[in-house]
Engineer: 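So that we are looking at the same thing, I have put the structure below in structure tokens.
Only this structure's heavy atoms are used, side chains among them; waters, hydrogens and symmetry mates stay out.
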Amino acid sequence: VEQAFTVEHMYKSSGKMQEIVRNPSFEYITFVIIVLYAAWIGVELDQNSAETLLEASPIFHVVENLFCAYFTFEICVRFGAFRRKWDACTNANFVIDFILWGLMILETWMAYVFAAFRLQVAGGGASAFI
């Protein structure tokens with residue numbers, strides 16, 4: 001009988017990263033965070049009338065940054081658990097998650113960088129951003 005493929009076969013056999021990723025609690029917590037994030041998107045769409053995150057109320061900044069921080073931790077730990085890093089690039093689930101994470105970072109964290117750059121180019125200086 002052929003054993004079903006699981007991504008765990010691609011993970012290192014020792015080390016903290018693989019230990020975290022193999023722990024069922026990590027999977028459950030990540031799943032709960034994903035569900036909370038989906039709910040948050042609904043709340044944000046309903047309650048946030050700002051055109052961009054930069055114009056939104058502070059609570060939207062805080063929550064978006066917390067989600068970004070968790071998903072950054074999650075993607076880094078998962079990547080670190082792979083025995084061969086190239087295996088992460090060939091795993092469809094990881095690649096999709098990485099793309100989604102990248103888009104989230106672009107939308108949330110890079111928005112601050114782009115805004116600061118626009119202010120610098122416009123002559124506003126860094127103090128106008130802060």
Side-chain angles (χ1 to χ4, degrees):
V1 175
E2 192 172 318
Q3 195 173 15
F5 171 80
T6 62
V7 72
E8 285 81 15
H9 291 104
M10 299 173 140
Y11 291 156
K12 297 174 186 175
S13 56
S14 64
K16 203 60 164 164
M17 300 282 195
Q18 67 82 31
E19 184 181 325
I20 292 169
V21 172
R22 290 178 194 267
N23 188 327
S25 296
F26 179 75
E27 186 175 346
Y28 299 140
I29 290 168
T30 300
F31 181 71
V32 167
I33 297 292
I34 290 168
V35 170
L36 289 173
Y37 187 56
W40 173 252
I41 290 171
V43 168
E44 185 178 20
L45 286 171
D46 190 46
Q47 301 295 319
N48 184 7
S49 61
E51 288 289 320
T52 66
L53 179 60
L54 297 172
E55 300 164 349
S57 299
I59 187 67
F60 295 105
H61 291 264
V62 170
V63 174
E64 286 291 331
N65 281 287
L66 288 173
F67 280 119
C68 275
Y70 180 79
F71 289 126
T72 298
F73 166 77
E74 187 249 350
I75 205 84
C76 289
V77 169
R78 285 178 51 209
F79 183 75
F82 280 94
R83 185 173 36 255
R84 294 182 333 187
K85 301 312 176 206
W86 181 251
D87 288 341
C89 300
T90 62
N91 180 269
N93 288 337
F94 184 84
V95 170
I96 290 168
D97 289 348
F98 185 82
I99 290 169
L100 290 172
W101 169 79
L103 291 171
M104 179 185 211
I105 295 303
L106 186 63
E107 177 187 35
T108 306
W109 289 345
M110 294 307 292
Y112 296 108
V113 173
F114 294 146
F117 179 74
R118 278 197 323 264
L119 287 173
Q120 286 291 354
V121 169
S127 62
F129 179 65
I130 300 169

Engineer: Indicate the ring-plane relationship of His61 and Tyr112, choosing parallel, tilted or perpendicular according to the 30° and 60° boundaries.
Structural biologist: tilted
Engineer: Can you classify the ring geometry of Phe67 versus Phe71 as parallel (below 30°), tilted (30 to 60°) or perpendicular (above 60°)?
Structural biologist: parallel
Engineer: Between Leu66 and Trp40, is there a side-chain heavy-atom distance shorter than 4.5 Å?
Structural biologist: no
Engineer: Do the ring centers of Trp101 and Tyr70 come within less than 6.0 Å of each other?
Structural biologist: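 No, ring centres 6.0 Å or more apart.
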Engineer: Check whether any side-chain heavy atom of Phe60 lies under 4.5 Å from a side-chain heavy atom of Ser57, and answer yes or no.
Structural biologist: yes
Engineer: What is the minimum heavy-atom distance between Ala81 and Val21, and which atoms define it?
Structural biologist: CB-CG2, 3.8 Å
Engineer: Side chains of Leu106 and Phe114: closer than 4.5 Å at any heavy-atom pair?
Structural biologist: yes
Engineer: Is a side-chain N or O of Lys85 found less than 3.5 angstrom from the main chain of Gly80, in a donor-acceptor match?
Structural biologist: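 Yes; at least one donor-acceptor contact below 3.5 Å.
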Engineer: Determine whether Thr90 and Trp86 make a side-chain contact, defined as any pair of heavy atoms from C-beta on separated by less than 4.5 Å.
Structural biologist: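 With C-beta onward as the side chain, the pair touches.
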Engineer: With rounding to the nearest 0.5 Å, note down the distance linking CG in Asp97 to CD1 in Ile34.
Structural biologist: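 Interatomic distance, Asp97 CG to Ile34 CD1, rounded to 0.5 Å: 7.0 Å.
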Engineer: Same cluster or not: are Leu103 and Ile105 linked, directly or through other Ile, Leu, Val, Met, Phe, Trp or Tyr residues, by side-chain heavy atoms under 4.5 angstrom apart?
Structural biologist: no
Engineer: Quick check: do Val7 and Arg78 have side-chain heavy atoms less than 4.5 Å from each other?
Structural biologist: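 The answer is no; the side chains never approach within 4.5 Å.
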Engineer: Please name the pair of heavy atoms, one in Ala56 and one in Asn48, separated by the smallest distance, quoted to 0.1 Å.
Structural biologist: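 The answer is CB-ND2, 3.5 Å.
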Engineer: Report whether Val35 and Leu45 are members of the same hydrophobic cluster (ILVMFWY, side-chain heavy atoms less than 4.5 Å apart, transitive linking).
Structural biologist: no
Engineer: Less than 4.5 Å apart, any side-chain heavy atom of Val63 and any of Ile59?
Structural biologist: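 With C-beta onward as the side chain, the pair touches.
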Engineer: Angle between ring planes, Phe94 versus Phe98, binned at 30° and 60°: parallel, tilted or perpendicular?
Structural biologist: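 It falls in the parallel class, under 30°.
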Engineer: Taking all heavy atoms of Ala69 and all of Trp109, pick out the closest pair and write down the distance.
Structural biologist: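 The answer is N-CZ2, 3.8 Å.
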Engineer: Going from CE on Met104 to CD1 on Ile75, what distance comes out if it is rounded to the nearest 0.5 angstrom?
Structural biologist: 11.5 Å
Engineer: How long is the span from the CD1 atom in Ile41 to the CD atom in Glu64, to the nearest 0.5 Å?
Structural biologist: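 Between atom CD1 of Ile41 and atom CD of Glu64 there are 7.5 Å.
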Engineer: Report yes if some heavy atom in the side chain of Phe26 is under 4.5 Å from a heavy atom in the side chain of Glu74; otherwise report no.
Structural biologist: yes
Engineer: Within a radius of less than 6.0 Å around CD of Glu51, do more than 12 heavy atoms belonging to other residues, nucleotides or ligands occur?
Structural biologist: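 No, not enclosed.
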Engineer: Decide if atom CD of Glu27 counts as having more than 12 heavy atoms of other residues, nucleotides or ligands within a radius under 6.0 Å.
Structural biologist: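 Check fails, neighbour count at 12 or below.
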Engineer: So, the side chain of Arg22 versus the backbone of Ser13: is there a donor-acceptor pair under 3.5 Å, distance only?
Structural biologist: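 Here the side-chain-to-backbone pair does not exist.
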Engineer: With rounding to the nearest 0.5 Å, note down the distance linking CZ in Arg83 to CE in Met10.
Structural biologist: 8.5 Å
Engineer: Please answer: with hydrophobic residues joined when any side-chain heavy atoms are less than 4.5 Å apart, are Val77 and Val32 in the same cluster?
Structural biologist: yes
Engineer: Measuring from atom OG1 of Thr30 to atom CZ of Phe73, what distance do you get when rounded to the nearest 0.5 angstrom?
Structural biologist: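 Reported value, rounded in 0.5 Å steps: 8.0 Å.
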Engineer: If you round to the nearest 0.5 Å, how far is CD1 of Ile29 from CD1 of Ile20?
Structural biologist: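 Between Ile20 CD1 and Ile29 CD1, I get 10.5 Å after rounding to 0.5 Å.
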